[in-house]
Amino acid sequence: MARMDTFFTQVFSQLRGNISSQAETVVWNAWVNKMESSEKDQQLYAQKLVDWYNRDTTAVRGYVREAARPLFSTASTAKWLVPVLNMVPRVVKRISLAYVQPPVRTLKQGSNTVDVGSPLWERVYGEQGLFKNIDINKKLKHADRWSTLLNTVHIEVVPRNGAIDWDFRLRPATTIIPDPGDYLRFAKLAYRFCPMDPDTLRLREGWVYWSKDVHAYRLDNGEWFGISTPDGRNPYGGEIPIVTVRKIEQDDYWGAYGADLVEGFEQLHVQLANMWFNAIMQSHGQPVGTNLKIPAGQSLVVGPDAPLLVEGVLKDDVPPSLVFAKPESETKTVQELLEWFIENCTQGFGLPPGSWSIDTAPESGFAKFMKNIELLEDRDDSRAMWVQVEKDLLRNSIMVNNRFEGAVGALPENLDVDIEFPPVKFPESPAEIQTRYTIAFNNGTSSPVRYFMEQEGLNEEDAKAKAIAIATYCVASGAYVI
């Protein structure tokens, strides 16, 4: 983990005020050290969550061995091969549904709608527009997953290659000073930045620092460099172009959401690694020798190419023997325990029972809907948050673009965006579709026109024409068709 002492000394010194006595200085230093230690611990823990999600197998094996320390010695866990069956990324993706289907975006200027394909719309959302560097839906899908894992993430709006880009600032490399008036907002933010010096080919380790007054890069050796401006001033009039994404509000700034998911799979891997080691060892059996006349300190080599000769055995001695004892393995019991654990751990995040079973029979669309209703409710609950995130990202993107005069030119500051998230639909069988529309027709809540539009993709005019043609035929032939 990168050293943070120089950063904390610099940032917290602004909060120190007039401290003159030795006692006050001692108390101050103790507080800074405590804050630094706590911050490091939180960042290291967040790094563990990220490593699991990123499938860093080497790091994961280290976390599993560390988690096993209360029960197993370091010497024992060092022998473990630690097979990794990392389901954390799959679960995180499975329960992050905000952008499972892209929303419909309507660009607004004041109270007026900006037509799709118009010059202004093209300057924002066109292929060569403001966001030409970004696949917005893909980027926000990743933001949804990161917030599922870490709860709170930051998206910094940055100018890049004549357009705008959005960079994630994740907890392992980010620290904040909360706003005194609102603990869910930051007053100052810094993130670790270690670019390579092109002249020396050495990393220049430091922190990018944001506040309402400052945007600068501070090296660990104490050097400061301005980023947006040569003197390190914030060029946005006190605004910081960083948008906070928070899955749920908790009693501190960062909160936790996916932590217990990672903790659960970490504990599962302790049991898995121990079972794997035992299975390997027990497949050979435990050699038990009787009266083999092996000198003390000498190793016994066994195998078809290493015959074992026992000399000096008398008639009345116990006959020499070498057998391999195989303990009764509990592998089946452990496997059942692991399956039970996975099922219940993931249900805690809204996944339906049987999500991991390979023996699950095919289900109807309605059955899938009912099983996933908790996840869909969570998606609905988070909809307002994501609408505000997209509005803030657009506003900040225009602010940054106008300050650095991007390729699209200055954009109106009164642009806004309306977001409409489509409902998540599950596939239905033809019989289910027929039943649903029959009930709707009988209840007067649907019509043949809507059926042709929704199921056959016809526009309203063609759907009406087809419905009239069918009705005319039915009247003429005396047939009755719903």
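These numbers come from the heavy atoms of this one structure, side chains and all, not from hydrogens, waters or symmetry mates.
For Arg403 and Glu239, the salt-bridge test fails: no basic side-chain N is under 4.0 Å from an acidic carboxylate O. No salt bridge links Asp220 with Arg204; every basic N to acidic carboxylate O contact stays at or beyond 4.0 Å.
The two residues Cys194 and Gly206 make their nearest non-hydrogen contact at SG-N, 4.4 Å. Summarising the geometry of Ile419 relative to Pro103, their closest heavy-atom pair is CG2-CB, 3.6 Å, with the distance given to 0.1 Å. Minimum heavy-atom separation, Met399 to Tyr236: CG-CD2, 3.7 Å. Nearest heavy atom pair, residue Pro89 against residue Asn86, reads CD-OD1, 3.3 Å. Pairing each heavy atom of Pro159 with each of Val400, the nearest pair is CD-CG1, 3.6 Å. Between Pro102 and Asn137, the shortest heavy-atom contact is CB-ND2, 3.5 Å.
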**Prompt:** So Trp121 and Asp115, side chain to side chain contact (heavy atoms under 4.5 Å, CB included) or not? Walk me through it.
**Reply:** CA-CA 7 Å; Trp121 188 93; Asp115 293 334; over 6 Å; no
Worked verdict on Trp80 versus Phe72 for ring-ring contact (aromatic ring centres under 6.0 Å, His included)
CA-CA 11 Å; Trp80 287 358; Phe72 300 93; 5.0 Å; yes
Practice prompt. Might you work through the side chain to side chain contact (heavy atoms under 4.5 Å, CB included) test for Arg61 and His269, ending with a clear yes or no?
Written response: CA-CA 9 Å; Arg61 289 192 172 107; His269 275 75; over 6 Å; no
Practice problem: Report the C-alpha separation of Ser382 and Lys247 in whole Å, then their side-chain angles, then the decisive distance to 0.1 Å, and conclude whether the side chain to side chain donor-acceptor pair (under 3.5 Å) test is met. | Solution: CA-CA 8 Å; Ser382 67; Lys247 182 71 72 172; 5.8 Å; no
>> side chain to side chain donor-acceptor pair (under 3.5 Å) for Ser211 and Asp213? Distances and angles first, verdict last.
In response: CA-CA 5 Å; Ser211 73; Asp213 302 313; 4.9 Å; no
May I have the step-by-step check of side chain to side chain contact (heavy atoms under 4.5 Å, CB included) for Met385 and Gln388, ending in yes or no? CA-CA 5 Å; Met385 183 270 288; Gln388 190 59 51; 6.0 Å; no
Please report the C-alpha distance between Leu189 and Ile240 in whole Å, then the side-chain angles of each, then the deciding distance to 0.1 Å, and finally whether the side chain to side chain contact (heavy atoms under 4.5 Å, CB included) criterion is met.
CA-CA 9 Å; Leu189 179 144; Ile240 300 175; 6.0 Å; no
Exercise for review: Go through the steps for Glu39 and Arg171 under the test salt bridge (Lys or Arg N to Asp or Glu O under 4.0 Å), then give the verdict.
Suggested key: CA-CA 10 Å; Glu39 186 74 2; Arg171 178 58 172 138; 2.7 Å; yes
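With sequence neighbours left out, the ring pair (Phe, Tyr, Trp, His ring centres under 6.0 Å) criterion links His142 to no other residue. Checked against ring pair (Phe, Tyr, Trp, His ring centres under 6.0 Å), Phe404 has no partners two or more places apart in sequence or in another chain.
Partner Phe186 forms a side-chain contact (heavy atoms from CB on, under 4.5 Å) with one of Ile177, Thr175, Ile242 and no other, that one being Ile242.
Atom CD of Glu454 is surrounded by more than 12 heavy atoms from other residues, nucleotides or ligands within 6.0 Å. Sparse packing is recorded around NZ of Lys138, with 12 or fewer heavy atoms of other residues, nucleotides or ligands lying under 6.0 Å away. Within a 6.0 Å sphere centred on CD of Glu405, heavy atoms belonging to other residues, nucleotides or ligands number 12 at most. Surrounding CZ of Arg55 are more than 12 heavy atoms belonging to other residues, nucleotides or ligands, all under 6.0 Å away.
Looking at Trp52 and Leu149, their side chains never come closer than 4.5 Å, going by heavy atoms from C-beta outward. Here the side chains of Trp166 and Leu393 are in contact, with some heavy-atom distance below 4.5 Å. In this structure the side chain of Glu456 reaches within 4.5 angstrom of the side chain of Tyr451, judged on heavy atoms. Put simply, the side chain of Phe265 does not reach to within 4.5 Å of the side chain of Leu85, judged on heavy atoms. Within the 4.5 Å cutoff, the side chain of Tyr99 has no heavy atoms near those of the Arg145 side chain. With a 4.5 Å cut-off on side-chain heavy atoms, Leu394 and Phe131 count as touching. Side-chain contact check for Glu420 versus Thr106: every heavy-atom pair is 4.5 Å or farther apart. Looking at Leu120 and Leu415, their side chains come closer than 4.5 Å, going by heavy atoms from C-beta outward.
The cationic atom of Lys139 (NZ for Lys, CZ for Arg) lies less than 6.0 Å from the six-membered ring centre of Phe168 and within 45° of the ring axis.
To the nearest 0.5 Å, the span separating NZ on Lys391 from CG on Asp416 amounts to 3.5 Å. Once rounded to the nearest 0.5 Å, the distance linking CG of Leu184 with CH2 of Trp254 reads 12.0 Å. For the atom pair CG (Asp56) and CG (Asp51), the distance works out to 4.5 Å, reported to the nearest 0.5 Å. Annotation: the span from Phe193 atom CZ to Leu219 atom CG amounts to 10.5 Å, rounded to 0.5 Å. To the nearest 0.5 Å, atom CG of residue Asp392 and atom CD1 of residue Ile155 are 10.0 Å apart. Annotation: the span from Ile136 atom CD1 to Ser397 atom OG amounts to 8.0 Å, rounded to 0.5 Å.
With hydrogens and angles disregarded, a donor-acceptor distance shorter than 3.5 Å links the side chain of Asn402 to the backbone of Leu411. Between the side chain of Arg123 and the backbone N or O of Ser118, no donor-acceptor pair lies under 3.5 Å. The backbone N or O of Ala256 sits less than 3.5 Å from a side-chain atom of Gln250, completing a donor-acceptor pair.
For residues 151-162, the set of pairs meeting the side chain to side chain donor-acceptor pair (under 3.5 Å) definition, not counting sequence neighbours, comprises Thr152-Arg246, His154-Tyr253, Glu156-Arg169, Glu156-Tyr191, Glu156-Trp210, Arg160-Asp165, Arg160-Asp167.
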